[in-house]
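Protein chains get the first letters and strands the later ones, always in sequence-line order, with residue 1 at the start of each.
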Amino acid sequence: MPDLFQLDKISQAFDGVQILDKASLTLNRGEIHVLAGANGTGKTVLQRIISGMLVPDCGQVLLEGEVLPPGRPDAMLERGIVTIHEKIYLLPDRTVVENIFLGAEPRKTLLGIPYIDWKRARTQTGELLKKFGLPFSPDTPVSRLTVGQQRMVEIIRAMSVDAKLLVVDEPTMFLSEADSAVFTSFIQKAKGEGTSFLLLTNSMGDMHSIADRISILHRSAIITYEGAEDQYIADILEKLSSNVAAGSYPKLPVKRGRVTLAAESLCASQFQGLSFKLHEGEILGIAGLPGSGARAVGKILYGLSHWNKGYVEVLGKLFVPSSPVKAHKRMGYVSGVNPSDSLIMQQNVAFNMTLPNLNSILHGTLLNIAAERELSTSLSNRLRIGNHRAARLGYLSGGNLRKVNFSRWIVANVKILILDEPTMGMDASARLDIYNIISELVLQGVSILFISSNFQELAGMCDRVLVMKSGQVVRHIGRRRDMAGEIWRGACG
Amino acid sequence: MFALQRQQKIMELLGANKSVDVGVLSNLFGVSEVTIRRDLSKLENDGMLIKTYGGALLREDCYLEEEAEEDVSSSDEMGMVRLCAALVEERDSVFLGADPCSCRIARAIKGMPLSVITNDISVAGELSDAPSIRVFLIGSELVSGTNMLIGGYDEKMLSSLFIAKSFVRADGVDLNTGVTLSSPEECGIVSEILSMSQKLIVLARKQVFNKTSFSRLMKLETPQAIVSDTDIPKEYKEFFFDHSISLYTPFNLT
């Protein structure tokens, strides 16, 4: 019996650069196979070849032993290979059932006139949603679902046309912790229904827990490990980080000053016994996979949630936040996952930038519009934010939105900045801007608490990293060779 | 002399005179006109000059005039200075190449205990009263209109030094041609230094991107870090990130 899916010696070159060189992979029926590859190593090229959008220079793609015609996305779909991209391809104004049955609506005829049998569609959808334990109804408009739920709807749509193999690009990117966990268990259930998965990613994330086998796209070839044991994963991570090594990050050696933020035996529902001291000019990382409690630390310190035991000192004084509004005025918070945690999305750039520090633009009790305009224009220029200051935040690109978020804390002149996945979803160019802004802040003596699940980023930018797992701090790592690998071993080992 | 030397000499003459004549060059070097034409063809292919009837003209857009370096204390320059100074740590041994802001970088690091090697006389001047810094000046000929010394360095002395960080100016930064400098002699002295440096840091102002100057200093993937004065083209940011090269770009927060 042939393998379900095979990539046979795929080679592809662009402009004389050999991106893929006889890359080969096999996938078995009912397997969840994770293919990891750093950005820029040819993962996207491979994905385009598999989906039929690109004809490879050499090599073939086989499904159940049969060679698939290259450059024919329709043929791929017909044979049962469905590709799910990073961007969600659903119609946001339509409901779940409408999206799932798009183009394949069940039809009936009444007196010779054909019509769509929505009742049957709805029933089938309802059954599928129930089988996977999804808490929404078929009539929910897709725009009301979380990103993770939208992803799952896309997958259900593929399964409803009996997809044999689902190729998913960056499945858990943009997902919150909760969604990520639901999503991975959803994929396992789908596997139980007979669908096989090829998951493409640039960082393991929590996919290691559901992978049957893992491969890495490294130096134009694919290396497959027969399993998903920890030692294979550590190996993959080392290879991933050797591509985008700590050298890629603009780290500055900064002398640290006195302690600005200290936590002692802090306990909350998501973590226990957290203690640390953060200094002026220091970048302290908190590393953790979804579920480790790392992200909760940021939210709790900023006051978005409560802690039960222990204490926190800000700038030497005991700190008890009662609400986010009363968050310490020397502390700021930037979230890459939920920007609306600290931004007013319906308002414009100028409004958001000056919000935390209205004193700078007040004229008695009245708002000095000219001062607001001058301050926001000046800061926009200096941070190189593309959009006009009058633009509503909803119109900004991810990178510019993040810069506006940083700018408000610069205006507020905070001494401590808590970052929660600050570069999530951003491309290399935009991320470099953010890293350089962080470096400038640190040069000015600001303390940074850098919470992230991107271990290369933490290894690149942080002076020290606390590694969390299941609510506990398991490691405390200083700058060293293979720091990203060490962080990984702590976070999942 | 070899073809390469002859071609370099032709570029020097072009730099001085802006145009050259095939007949004159043929007499000067004692080779046939055919040979000269071949040299000019090669240099034209490399983007260094434009052939004309009977000779060649300098390609102005790749030659960055030394005179064009004004003493501009713009905030972009200060950003570059700030980042370079921040990269220097106590007890480092650093090489500061010739650059308009080298002198300001020197001023910013004056207080630290360091060894500084330089071929820029303004840097040496700036550091002459710094009590904690050992200053080594290399090079012997002062290039007219600049603060830069070239030629005549003591190889034995150099080889005894260990240089932790080298800050080198770029006159051209290009994805195809790499890091280039306008003066072949400067290239010579800087290459010597770089071969003994642990960390290469290239000072690349925005205006030098996508430009190619005369002399190839190094491939674009060679340096460990780049310091720019302001935002640079996206494709370069991606290149540096993908090749483990730290890109430092200033943001003026205050």
As an exercise, state the distance from [atom1] of [X] to [atom2] of [Y], rounded to the nearest 0.5 Å.
X: B:Asp242; Y: A:Ser248; atom1: CG; atom2: OG; answer: 7.5 Å
X: A:Gln444; Y: B:Arg82; atom1: CD; atom2: CZ; answer: 7.5 Å
X: A:Leu432; Y: B:Leu247; atom1: CG; atom2: CG; answer: 5.5 Å
X: B:Ile232; Y: A:Ser429; atom1: CD1; atom2: OG; answer: 8.5 Å
X: B:Asn252; Y: A:Asn381; atom1: CG; atom2: CG; answer: 11.0 Å

Residues of residues 106-118 of chain B with a heavy atom under 4.5 Å from any heavy atom of chain A, in residue-number order, are none

Proximity breakdown for A:Phe406 and chain B, heavy-atom pairs closer than 4.5 Å: neither

Does any heavy atom of chain B fall under 4.5 Å from the side chain of A:Ile437, the backbone, both, or neither of them? both

Salt bridge or not between B:Glu89 and A:Lys255? Use side-chain N to carboxylate O under 4.0 Å. no

Heavy-atom closest contact ([X] atom, [Y] atom, distance):
X: A:Leu379; Y: B:Leu253; result: CD1-O, 4.4 Å
X: B:Ser246; Y: A:Gly247; result: OG-O, 2.5 Å
X: B:Phe251; Y: A:Arg382; result: CD2-O, 3.5 Å
X: A:Arg384; Y: B:Pro250; result: NH2-O, 2.9 Å
X: B:Thr249; Y: A:Asn436; result: N-OD1, 3.0 Å

At a heavy-atom separation under 4.5 Å, does B:Ile245 approach chain A through its side chain, its backbone, both, or neither? backbone

If I measure from the heavy atoms of chain A, does B:Leu83 come under 4.5 Å with its side chain, its backbone, both, or neither? both

Parallel, tilted or perpendicular: which one describes the rings of B:Phe241 and A:Tyr249, with boundaries at 30° and 60°? perpendicular

With B:Lys234 via salt bridge (charged side-chain N to carboxylate O under 4.0 Å, His left out) - residues at least two apart: A:Asp427

With B:Lys219 via salt bridge (charged side-chain N to carboxylate O under 4.0 Å, His left out) - residues at least two apart: none

Find the one option among A:Asn413, A:Asp433, A:Leu441 whose heavy-atom pairs under 4.5 Å with chain B are most numerous. A:Asp433

B:Arg216, CZ atom: more than 12 neighbouring heavy atoms under 6.0 Å: no

Report yes or no: does B:Tyr248 contribute a side-chain atom to a donor-acceptor pair with the main-chain N or O of A:Leu252 at less than 3.5 Å? no

Can you name the side chain to side chain donor-acceptor pair (under 3.5 Å) partners of B:Asp174, sequence neighbours left out? none

